[in-house]
2 protein chains.
Amino acid sequence: MEKVFSALSDVNRRKIIELLHEQDSTLLELAGHFSISFQALSKHIKILEQAQIINKEVKGKYRQLSLNGHALREAMEWMAYYSSFWNESFDKLEVQIRNAQSDDHRN
Amino acid sequence: MEKVFSALSDVNRRKIIELLHEQDSTLLELAGHFSISFQALSKHIKILEQAQIINKEVKGKYRQLSLNGHALREAMEWMAYYSSFWNESFDKLEVQIRNAQSDDHRN
DNA sequence: TACTCATTCAACCATTTGGTAGAATGATTA
DNA sequence: TAATCATTCTACCAAATGGTTGAATGAGTA
């Protein structure tokens, strides 16, 4: 929990998540989208890995990175619970997210 | 977004949220639940306020703190979207949270 | 085997963070 | 008005964070 929220508190790490949501990648593939060094990026990836937000699979020379989502979900449940007013608006949220996904598939 | 996630990344601040979820309180009422100084607590409250997670209402000598939930919700939508596999499990999540709430009302 | 490529480790630095303590502010109470 | 109460402001400090560079590692490739 601690690890998940602090992992999410950095712009670069949220961007990594967004990119991995589009497609699994290696560190160097990701690096093209950032203006920081790959060593810095490697550190961010390690943090996301330790928060169990992403998985790393060794593929010979490369490491294939992919989203896990499990830890995100746990943190989300915490938030959903404490954002108190979810009760009336949960259905709306669901619709909204489903719409966002179909937009995604259209692009 | 930035502010919300980094606000949530601290244990004490999450505990503030949990306490305010039970009931609106003042700084000194909260202070009883923590082992840090009230100055430190005041800083945490300021951070939660700036992230628009809590509201502060001046009541004479006191400041009444309450949960806002709005910012939490926005962050939650981000997470829901990127935890990718929400699709199959969204209904389960809803049920789970509703159960949690009825537990809450029972206690 | 020597070389290159992808990634990580190590040392370092500036900034931010979370805590402290003392002083200041602003409203209430004696 | 003076004293008290709740909260915030102002330094100040140690530890954590996010970045850098250079060297090391470990797996393919020439």
For A:Lys59, answer base if it contacts any base atom (sugar-phosphate contacts may also be present), sugar-phosphate if it contacts only those atoms, and nothing otherwise; contact means non-hydrogen atoms under 4.0 Å.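 No contact.
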I want to check one thing: is the phosphate of [N], taken as OP1 and OP2, less than 4.0 Å away from some side-chain N or O of [X]?
| X | N | answer |
| --- | --- | --- |
| A:Ser42 | C:dT7 | no |
| B:Lys46 | D:dC9 | yes |
| B:Thr26 | D:dA6 | no |
| A:Lys61 | D:dT25 | no |
| A:Arg63 | D:dA27 | no |
| A:Ser37 | D:dG19 | no |

So, does A:Ser6 use its side chain to make a donor-acceptor pair with the main chain of A:Val4 at under 3.5 Å?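 Flag not set: sc A:Ser6 to bb A:Val4 has no pair under 3.5 Å.
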Nearest whole Å is fine: how far is [N] [atom2] from [X] [atom1]?
| X | N | atom1 | atom2 | answer |
| --- | --- | --- | --- | --- |
| A:Leu28 | C:dT8 | CG | C1' | 12 Å |
| A:Leu8 | D:dT17 | CG | C1' | 16 Å |
| A:Ile45 | D:dG19 | CD1 | P | 12 Å |
| A:Ile36 | C:dT7 | CD1 | C1' | 14 Å |
| A:Glu57 | C:dA6 | CD | C1' | 16 Å |
| B:Glu2 | D:dT17 | CD | P | 14 Å |
| B:Phe5 | D:dT17 | CZ | C1' | 19 Å |
| B:Leu41 | D:dT8 | CG | C1' | 12 Å |

Pairwise 5' ranking along DNA chain D for B:Tyr62 and A:Gly60, keeping only the more 5' one: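 Nearer the 5' end of the strand: B:Tyr62.
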Closest nucleotide of DNA chain D for A:Val58 versus for B:Leu27: which of these residues is on the 5' side?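 The answer here is B:Leu27.
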Any donor-acceptor pair under 3.5 Å between the side chain of B:Lys43 and the base of C:dG19?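 Such a pair is found, so the answer is yes.
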Under 3.5 Å donor-acceptor pair, A:Gln39 side-chain atoms to D:dG22 base atoms: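 Looking at the base of D:dG22, it does pair with a donor or acceptor on the side chain of A:Gln39 (distance under 3.5 Å).
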Residues B:Arg73, B:Glu77: salt bridge by 4.0 Å N-O rule: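 So B:Arg73 pairs with B:Glu77 through a salt bridge.
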Can you tell me how far apart CG (B:Leu8) and CD (A:Glu2) are? Round to the nearest 0.5 Å.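 Here the rounded value is 10.5 Å.
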Is there a side chain to side chain contact (heavy atoms under 4.5 Å, CB included) between A:Thr26 and A:Leu65? Walk through the geometry before answering. CA-CA 6 Å; A:Thr26 67; A:Leu65 304 170; 6.0 Å; no
Can you check whether B:His21 and A:Tyr81 have ring centres sitting under 6.0 Å from each other?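 Centroid distance B:His21-A:Tyr81: below 6.0 Å, so yes.
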